[in-house]
Asks: 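Encoded as structure tokens, here's the structure I'll be asking about.
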Amino acid sequence: MRFYIADEASILKGEITDVYFDRAVRTLEHLGFKEVKVRMEIHSYGLPKDYQWAVFTGLEEVLNLLEGKDVTVYAMPEGTLFKEIEPVMIIEGNYLDFGVYETAFLGILRHYSSISTKAARIKRLALDKTVLFFGLRAVHPAIAPMVDRAAYIGGCDGVSGAFNEKTLGVKPSGTMPHALMLSVGDNVKAWKAFHEAMPPDVPRIILADTFEDERTEALKAAQLLKDKLYGIRLDTPSSRRGNFRKIVQEVRWTLNIHGFTNVKIYVSGGIDEDDIIQLRDIVDGFGVGTSIANPPEGVDFSADIVEKFENGKWIPFTKRGKWPGAKQVYRCGDTPDTDVITLLDVQPPRPECKPLLKKVMERGKIITDLPSAKEIREYVLEQLKKLPN
């Protein structure tokens, strides 16, 4: 292998799995068990510290993984905000038909939801300011399309992958790298060439901190491009940053007194939640990378058998530490704090309560329309707006 990555065929065959799942299936077959009909629940019994909710994403890929297998799946809509203990998905079928896929579907859901949740937290804190995702350099290139998609549907306004128009249907977002100015050797010459080379629909956002003081470079860029300049980006390294807020204020003041009040200011470089809170009132947008691509604390899903089918009926049955029985989650208001957990077939506690888990696959056939990335993102943003401050 030149790149240590799994191909789609190997994933779909169940070859990309932990060996103990394969050994479990072989042991059951050795015992003569041809059918062990169960309901397996995917849930998070412990969200990261101080997280009151997370965003459920990755459903489309899990359905593609299980398509054609003799299983029935219930799931929350992709992009739903959920709380601890709530099941986000239930897989029903013969364990021998889907057990080896646990590694794959948990990996999909954990990775997707961790990125989407962090993106949603960042976007919510940024209020009405733009959030662009620049985190591809923090992950293996093989999963770049998935990472950009997870960040986008989590709420980011734009993502930088050059391939995104093909995979997401959205134009990629980005400015310019320091390598451009360093290769040219002169920042003004590089900015002028960028302006001449780029088509009109590319915003003229200049990276203004390569050779000189941020204030000096920002003013030079504004005087060069005048009304063609959309904005400047400050990516000051931590070794030179000092008080980043004061640097931004100084740049803003300088642009304003020279008549460039319409030039927007974007900041990037190690941005996380605390930086968003500190800077959101004085900037127009953020470029966020590693904190979304590799959130320090991820959404830790687990999969547990919670029911077995015996003697013609479903019997609650699970390991200790988990709630037995397949469950439904009813949302009785607009936000996760109104949720009520019941057994799967129990009627809603009140008429206004709506079930979140719905059947999305029946015996291996997808029976629901899968929303686009844009539609999932809008669903996430609608829920974020309804959360209490």
Side-chain angles (χ1 to χ4, degrees), residues 51 53-64 75-82 88 107-175 201-203 205 231 233 266-268 271-273 275-276 280 284-295 298-299 301 369-387:
Y51 280 36
W53 48 268
V55 183
F56 170 57
T57 55
L59 174 62
E60 180 178 326
E61 289 196 22
V62 172
L63 292 180
N64 289 334
M76 290 182 178
E78 188 156 10
T80 299
L81 272 59
F82 68 94
V88 297
I108 291 168
L109 296 178
R110 283 179 173 183
H111 205 169
Y112 253 105
S113 298
S114 296
I115 294 172
S116 297
T117 299
K118 186 64 172 181
R121 288 175 64 87
I122 292 283
K123 179 58 183 174
R124 181 169 181 251
L125 290 173
L127 304 176
D128 60 340
K129 303 304 172 70
T130 299
V131 176
L132 303 177
F133 177 61
F134 295 159
L136 293 188
R137 66 185 64 189
V139 300
H140 195 289
I143 60 169
M146 167 264 162
V147 173
D148 259 4
R149 183 175 185 271
Y152 178 71
I153 62 182
C156 288
D157 299 287
V159 282
S160 65
F163 46 79
N164 279 318
E165 206 155 3
K166 180 171 63 175
T167 58
L168 286 178
V170 298
K171 288 185 177 296
S173 300
T175 55
D201 62 333
V202 174
I205 301 177
R233 176 165 70 94
Y266 297 87
V267 293
S268 60
I271 299 295
D272 205 342
E273 295 182 25
D275 304 294
I276 301 287
R280 63 190 176 190
D284 299 283
F286 300 90
V288 187
T290 304
S291 65
I292 292 178
N294 288 312
V299 178
F301 286 119
D369 293 329
L370 298 176
S372 68
K374 291 181 180 179
E375 290 170 328
I376 300 171
R377 178 177 178 273
E378 287 302 315
Y379 175 46
V380 172
L381 294 176
E382 287 172 11
Q383 293 171 91
L384 293 180
K385 291 175 184 177
K386 295 173 182 176
L387 290 174

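All heavy atoms count here, side chains included; hydrogens, waters and symmetry mates do not.
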Asks: Going by side chain to side chain contact (heavy atoms under 4.5 Å, CB included), name the residues that satisfy it together with Leu59, two or more places apart in sequence or in a different chain.
Replies: Phe56, Leu63, Ala75, Glu78, Met89

Asks: Using the salt bridge (Lys or Arg N to Asp or Glu O under 4.0 Å) criterion, which residues pair with Glu60? Sequence neighbours excluded.
Replies: Arg149

Asks: Tell me every residue that passes side-chain hydrogen bond (donor to acceptor under 3.5 Å, both in side chains) with Thr167, counting only those two or more places apart in sequence or in another chain.
Replies: none

Asks: Which pairs of donor and acceptor atoms, one on a side chain in residues 114-122, lie under 3.5 Å apart (sequence neighbours left out)?
Replies:
unit_1, atom_1, unit_2, atom_2, d
Ser114, OG, Arg110, O, 2.7
Ser114, OG, Val299, N, 2.7
Ser116, OG, Thr57, OG1, 3.0
Ser116, OG, Tyr112, O, 3.1
Ser116, OG, Ala150, O, 2.8
Thr117, OG1, Val55, N, 2.8
Thr117, OG1, Ser113, O, 2.6
Lys118, NZ, Asp272, OD1, 3.0
Lys118, NZ, Glu273, OE2, 2.8
Arg121, NE, Glu273, OE2, 2.9
Arg121, NH2, Glu273, OE1, 3.1

Asks: Applying side chain to side chain contact (heavy atoms under 4.5 Å, CB included), can you list everything that pairs with Asp201, at least two apart in sequence or on another chain?
Replies: Lys171, Pro199

Asks: Heavy-atom distance under 4.5 Å between the side chains of Phe286 and Asp275, does that happen here?
Replies: no

Asks: Sequence neighbours excluded, which residues qualify as side-chain hydrogen bond (donor to acceptor under 3.5 Å, both in side chains) partners of Tyr379?
Replies: Thr80

Asks: Does some side-chain heavy atom of Ile153 sit less than 4.5 Å from a side-chain heavy atom of Val380?
Replies: no

Asks: Any donor-acceptor pair under 3.5 Å linking the side chain of Asp148 with the backbone of Gly161?
Replies: yes

Asks: I need the Asn64 CG to Ile108 CD1 distance, nearest 0.5 Å.
Replies: 8.5 Å

Asks: Where the side chain of Glu375 meets the backbone of Ser372, is there a donor-acceptor pair that is under 3.5 Å apart?
Replies: yes

Asks: Strictly by side chain to side chain donor-acceptor pair (under 3.5 Å), give each pair with a member in residues 154-163 just once, sequence neighbours left out.
Replies: Lys123-Asp157, Asp157-Arg377

Asks: Sequence neighbours left out, what passes ring pair (Phe, Tyr, Trp, His ring centres under 6.0 Å) with Phe82? Give chain and number order.
Replies: Phe301

Asks: So how far is it from Asn164 CG to Tyr152 OH, rounded to the nearest 0.5 Å?
Replies: 9.5 Å

Asks: Side-chain donor-acceptor pairs under 3.5 Å in residues 127-144, sequence neighbours left out?
Replies:
unit_1, atom_1, unit_2, atom_2, d
Lys129, NZ, Arg280, O, 2.4
Lys129, NZ, Val283, O, 2.7
His140, ND1, Ala142, N, 3.0

Asks: Not counting sequence neighbours, which residues clear side-chain hydrogen bond (donor to acceptor under 3.5 Å, both in side chains) with Ser268? List them please.
Replies: Arg233, Asp235

Asks: Locate the shortest heavy-atom distance separating Pro371 from Ile376; write the atom from each residue and the value.
Replies: CG-CG1, 3.7 Å

Asks: Which heavy atom in Leu381 sits nearest to a heavy atom in Gly155, and how many Å separate them?
Replies: CD2-CA, 4.0 Å

Asks: Taking all non-hydrogen atoms of both residues, which atom of Ala151 and which atom of Ile292 are closest, and how far apart?
Replies: CB-CG2, 4.2 Å

